There are 2 protein chains.
Amino acid sequence: MAEDYRQMWKELGLDLGAHDSLLEVLGKGYKDIYMTQENRPDGMKYFDFVISQVHGARIKELLDGKARGRKVIGSFCVFVPEEIVRATDSTLVGLCTGAEFGTEEVERVLPRNTCALIKSAFGFKLGKVCPYIESADMIVGENTCDGKKKSYEVLKELVPNLYVMDIPQMKSVQGRSLLKAEYQRFKTAVEELTGVGIDAERLRKGIEIVNNKRRAIHRLASLRKADPAPISGLDALLANQVFFYDEPVRFTNSVNSICDELEQRAKNGRGVFPEGTPRILLSGCPMAVPNWKLPWIIETSGAVIVGEESCVGERGTRNLVDESGNTVEELMEAIVDRYFQIDCAIFTPNPERLNHITEMYNQYNAHGVIHYCLNFCQPYQVEAMEVEKELEAKGIPVLRIDTDYSMEDMGQLKTRVEAFIEQIS
Amino acid sequence: MAEDYRQMWKELGLDLGAHDSLLEVLGKGYKDIYMTQENRPDGMKYFDFVISQVHGARIKELLDGKARGRKVIGSFCVFVPEEIVRATDSTLVGLCTGAEFGTEEVERVLPRNTCALIKSAFGFKLGKVCPYIESADMIVGENTCDGKKKSYEVLKELVPNLYVMDIPQMKSVQGRSLLKAEYQRFKTAVEELTGVGIDAERLRKGIEIVNNKRRAIHRLASLRKADPAPISGLDALLANQVFFYDEPVRFTNSVNSICDELEQRAKNGRGVFPEGTPRILLSGCPMAVPNWKLPWIIETSGAVIVGEESCVGERGTRNLVDESGNTVEELMEAIVDRYFQIDCAIFTPNPERLNHITEMYNQYNAHGVIHYCLNFCQPYQVEAMEVEKELEAKGIPVLRIDTDYSMEDMGQLKTRVEAFIEQIS
């Protein structure tokens, strides 16, 4: 990321000095973690490029779009329906988090025992180093966990354009009706923001674009069933992370290209690690760019990750929206149907998630499950204990990890992960 | 509490040894904290008696009622509408919490960073020392905070009769409709449990009984405006705590008797502390019996508490249910109207609470606000920072305290509270 973008960042109001330091750390981290991997698919070069340009060319692309009237909507959660945004030719992007930044300043506005994901998002905002949040015409918060729900009250004071979406807590008739009403309200808000009325044709187009992204990711996931695994967990996670940032059609094509390559690999019995490498299913909290700590530890400890039961992973991309509706009303129902199935831990009870973990464990021929929680994430921490109990009852090896974005516990985590891999080998 | 009840406790399945130890600690704590107070109203003798019999005569009374067909319903939250329970001649009781118990065992089923209130409730259940939960025909959980919402999934495995009530997170049309549907569902569940159909007459009777409890508590609150304060914060808190345990008509009469006495005191200018004693408004998380730690520290440090902005306090008892409806439907609407106003921190946004804190500060002629949070209670911890900011902007002195049920931080808390009282004196 070169000089060309400094003026753009300045105009966005970024703190150039802090932003330079951030990019330097991230660039080095990426090089150390990603570029040291062996046997990577050639197609990953595209994602290397995307990451190198995630604050550069991609932001310029968004701003060029804005200059032509295309709006940018930022979000922190997979419950924000991208289909509705796409239906107005607008762009939905994930907002920055995933790395420790400005913790001291954050703890002046949020409780210390807030999870790393939320603290990080606030750190990027307060430190003025996230070009996405500064480019967004609308920022969508959602009432998922207590941490996010309440911190949006604080974020509202920091940004001029926060929109809060309510989310149900139970998969009841009332819960579905609340989600539907909220998606209708969101549709109206997006129409008002963009000046574009959403008709059936536009909405179906939006659904198709997003479904195609999901289809490509499903294809990628399916190819990971092979032994040897044709792609590392780190690289597959990267594709799932870029899902939230990239132009969707280009993203879909790029993932499909990789899949073509992986199919060849599978045919030739070629993989990133030797056949018989212990296979891990990762389950739990989402891992946003650049939160690669735990996958890196796992894959440098003699195992390969074969699936992510996570919002940045299969929980986020599972199920398509039915494209067959003829009216806006029918298509909106189909959108609600799809999103209402997401098995986030904010729902109570949430038995679907337990089933999905076992299903994925079997489907991807895993040897063990590593459950990952951010400290202070109460919904996933409570479920972690339920998951552990359930998997142990089924004789599935499980390791429960609670951590944050700091590097302080690296040594301790590595020791625990190595012992677990030893146990399942 | 004498030998007479040992057989009863045994039949309830309590762990008699652990229960004996608990009662001994609680009895000693009560004596040290309550019986050392000076100038207490005579009427407090009734509450001393209630507390001495809270695991004894009161449980016998509930069990005698059960033998005659009267059901007992246990709850952890002020969102469970007692009116509906009363309408079937059943009894709603608060379930045990408020003291550290069996923490090690609790942390095997719940995350360590769960708030003390939830951990304590689980400790009482796992340790078999809560006669209320063992007497209950139905236990009502509610989806308020993440901690409670998710821990009910765990509680469901420990008790045979958990009923979970969904609660909205926003004061929207959809939110009210969800609460109404959930209260209707609860009404049906209580009717099924008791075999009693709720008609308008029964429901109005239930509303009147509970309103009368609230009226008495409102009267008590109002008398605390006087300087010198006619009753200590500890004693007023006790009345608010007993609100959740006692037979309601007897409770109402007892509170009104104290109020008669306090009116006399006010006329005679008599109080529990000298005129001009610094006056504190306590605001934040609920304090269940026997969680008297912070009020005790405050009132042994030269100040008097003149109001509790808390679920065990004014947040829990504010507003009456309109009794004028003629049909079940109208009365149910009135119940929903009343409860939907509760300004719990689980709602977002929750500006009413900020207003109520300032109102109470003025109304009770307070000199400062002490905001009390349980560690890991994210909703109130985020609001604490908003409250602090708002009060400071208004020039109202505020002290923010985060703690739990342990006694380890007593010294540190006392130092901070003393410094605050010194500052507002």
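Order of the sequence lines fixes the chain letters, A, B, ..., with proteins taken first and strands second; residue numbering starts at 1 for each chain. Everything quoted here is computed from the prediction, not taken from an experiment.
The shortest distance between side-chain heavy atoms of B/T348 and A/N143 falls below 4.5 Å.
At most 12 heavy atoms of other shown residues, nucleotides or ligands fall within 6.0 angstrom of atom NZ in A/K389. A 6.0 Å sphere centred on NZ of A/K128 holds no more than 12 heavy atoms belonging to other residues, nucleotides or ligands. By the neighbour-count criterion of 12 heavy atoms within 6.0 Å, atom NZ of A/K394 is densely surrounded, having more than that number from other residues, nucleotides or ligands.
In this structure a side-chain-to-backbone donor-acceptor pair under 3.5 Å is missing from A/K149 to B/F347.
For residues 377-384 of chain B, heavy-atom neighbours of chain A at less than 4.5 Å comprise B/Q378, B/P379, B/Q381, B/V382, B/E383, sorted by residue number. Residues of residues 101-109 of chain B lying under 4.5 angstrom from chain A, judged on non-hydrogen atoms, are B/E107, B/R108, B/V109 by number. For residues 395-406 of chain B, a heavy-atom distance under 4.5 Å to chain A picks out no residue at all. When the heavy atoms of residues 173-185 of chain A are compared with those of chain B, the residues falling under 4.5 Å are A/Q174, A/S177, A/L178, A/A181, listed by number.
The choice from B/S151, B/P168, B/C145, B/C373 that makes the most heavy-atom pairs within less than 4.5 Å of chain A is B/C145. With chain B as partner, the option from A/D166, A/N375, A/V154, A/N350 having the largest number of non-hydrogen pairs under 4.5 angstrom is A/D166.
One finds the NZ atom of A/K150 at 13.5 Å from the CE atom of B/M385 (value rounded to the nearest 0.5 Å). Between the CD atom of B/Q169 and the CD1 atom of A/I346 there is a distance of 7.0 Å, given to the nearest 0.5 Å.
For the residue pair B/D146 and A/T144, the shortest heavy atom distance occurs at OD1-O, 4.5 Å.
Both the backbone and the side chain of A/M170 come within contact range of chain B, judged by heavy atoms closer than 4.5 Å. With a 4.5 angstrom heavy-atom cutoff, A/Y152 does not touch chain B via any of its atoms. The contact between A/I167 and chain B is made entirely by backbone atoms, counting heavy-atom distances below 4.5 Å.
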